[in-house]
Amino acid sequence: MTVRVNGKVVTPSGVIRQGCIEVRGDTISAVAEYPSVRDGHWIVPGFVDIHTHGGGGHTFTTGDAGQARAAAAFHLRHGTTSLLASLVSAPFELMRSATTAFAPLVREGVLAGIHFEGPYLSAARCGAQNPEFLRDPSTDELAELIKLGDGTVRMVTIAPERAGALEAIGLLTGHGVVAAVGHTDATYEQTVAAVSAGASVGTHLFNGMRPVHHREPGPVVALLTAPNVVCELVADGVHLHDGTLTFAASNAGPERCALITDAMAAAGMPDGDYELGGQAVTVADGVARLARDGAIAGSTLTMDAALRNAVAAGIPMPDAVRMVATTPALAVGLGDQVGALQAGLRADLVVLDDDLEIVRVMRAGSWLE
């Protein structure tokens, strides 16, 4: 059976104002102009969030499969049809048990992969990471996780100034795992060395990083100017000023900027007390901060809100859509499956009204009820 969805279709090459998407089974079979279609809703690819710790009151950070399934379902309702389950710095035992628990969910398609944000990070730039668990990269640990995950570990964030970082990046990329640079006090030169070793993502650019200085540009400039690096950006109006967001997007271009949520369990939930990586978090006015020192502790963002915020900041709709879907999918090796409205890819799409609010979500050819 063929399903047709008509409206303003946003493709990698632009907007088809009178467009039609044909879906057969779980796959997009055609994307075309359809002159008889009236100017309808926006139709965009399903969002791809490569950095999220939870949502809807549920978390990925404890390695619990039931919690992970519920968090993924929450984000799916907000248009995220592919997401990585991001953990935070933790003992190796938890990293190992989480990999075992999440691997079946990846094979089932509930998750698109696992992202370890830490523990191989800088104490000086730990942000909301638990300093108790920070340590130098271990190729033995990483090799074990890669083997245990059997293709489900997609990305690991590392501070390149830590001892053994370049060797760890080489190991990861040699096994097809994305190495990301983040929570780092690295110099410009150390960051360039990490990129040369194979690092290809900047974890929430600007946040948890040595700031830019005109005599020491640091990791931000190194990542922004590296042609093979995708820079994550948290478009919640808290992590980044709108001017910073648009500066990064115009500098690196939408093909090298990926919007992420960095969401924690409080996304979609009331203000109150929460937990992240064994640390108390207080959410007030939708902003999550560590109770101990007020550091930003992830976000309460969803990807549909990130898209709205980016467009409101002045990023053109086709560019913003690329940043919430196409670019992140390509960044973590999913671009041949999802991330764009084009024939042959999985039929993941989001229907939005003119205020860019969710109307309907389709994943793998099935409408979410």
Side-chain angles (χ1 to χ4, degrees), residues 49-64 67-68 70-72 74-75 78 80 83-91 94-95 98 114-135 155-159 180-185 202-211 232-241 244-245 259-303 305-306 309:
D49 191 355
I50 61 174
H51 188 155
T52 176
H53 301 288
H58 309 283
T59 185
F60 295 126
T61 60
T62 58
D64 180 274
Q67 289 268 319
F74 165 79
H75 283 289
H78 287 272
T80 299
L83 87 169
L84 300 189
S86 299
L87 288 100
V88 292
S89 297
L94 175 54
M95 299 171 73
I114 301 167
H115 165 218
F116 289 106
E117 188 185 14
Y120 315 123
L121 308 175
S122 163
R125 304 291 176 186
C126 65
Q129 299 282 336
N130 193 330
E132 178 184 346
F133 303 129
L134 301 181
R135 55 191 184 274
M155 183 162 66
V156 179
T157 299
I158 291 176
V181 171
H183 285 281
T184 175
D185 199 41
T203 293
H204 48 50
L205 194 76
F206 295 100
N207 300 115
M209 290 184 180
R210 176 191 290 229
E232 296 179 350
L233 300 166
V234 187
D236 62 350
V238 177
H239 282 74
L240 300 174
H241 186 283
T244 307
L245 174 69
L259 300 187
I260 59 165
T261 64
D262 195 18
M264 47 89 73
M269 300 296 288
D271 287 353
D273 295 328
Y274 294 87
E275 181 268 349
L276 181 67
Q279 300 182 104
V281 174
T282 300
V283 178
D285 298 325
V287 180
R289 296 185 181 275
L290 285 186
R292 63 175 168 82
D293 63 4
I296 295 174
S299 84
T300 60
L301 188 64
T302 54
M303 286 294 273
N309 293 342

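Keep in mind that what you see is a predicted model, and the values were worked out from it rather than measured. Position 1 is the first residue of the sequence; numbering continues from there.
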Over all atoms of both residues, closest heavy-atom pair of Ile50 and Ser86: O-OG, 4.1 Å
With a 3.5 Å distance limit and no angle check, can you tell me whether Asp271 reaches the backbone of Gly286 through a side-chain donor-acceptor pair? yes
Any sub-3.5 Å donor-acceptor pair from Asn207's side-chain atoms to His239's backbone N or O? yes
Least distance between heavy atoms, Pro91 atom then Arg135 atom: C-NH2, 4.0 Å
Geometric class of the His183/His204 ring pair [parallel <30°, tilted 30-60°, perpendicular >60°]: perpendicular
For a quick check under 3.5 Å, do Asp49 and Thr261 share a side-chain donor-acceptor pair by atom type? yes
Please report the shortest heavy-atom distance between Gly54 and Ala71, naming the atom on each side. CA-CB, 4.1 Å
Would you name the heavy atoms of Ala235 and Leu245 that are closest together and state the gap between them? CB-CD2, 4.0 Å
Can you see which heavy atom on Ala128 is nearest to which on Gln279, and at what distance? O-NE2, 2.7 Å
What are the two closest heavy atoms between Phe133 and Ser89, and how far apart are they? CD1-O, 3.4 Å
Other residues, nucleotides, ligands: >12 heavy atoms within 6.0 Å of Asp285 CG: no
Any side-chain to backbone donor/acceptor pair from Glu117 onto Thr157? Under 3.5 Å, distance only. no
What pairs with His53 under ring pair (Phe, Tyr, Trp, His ring centres under 6.0 Å), at least two apart in sequence or on another chain? His51
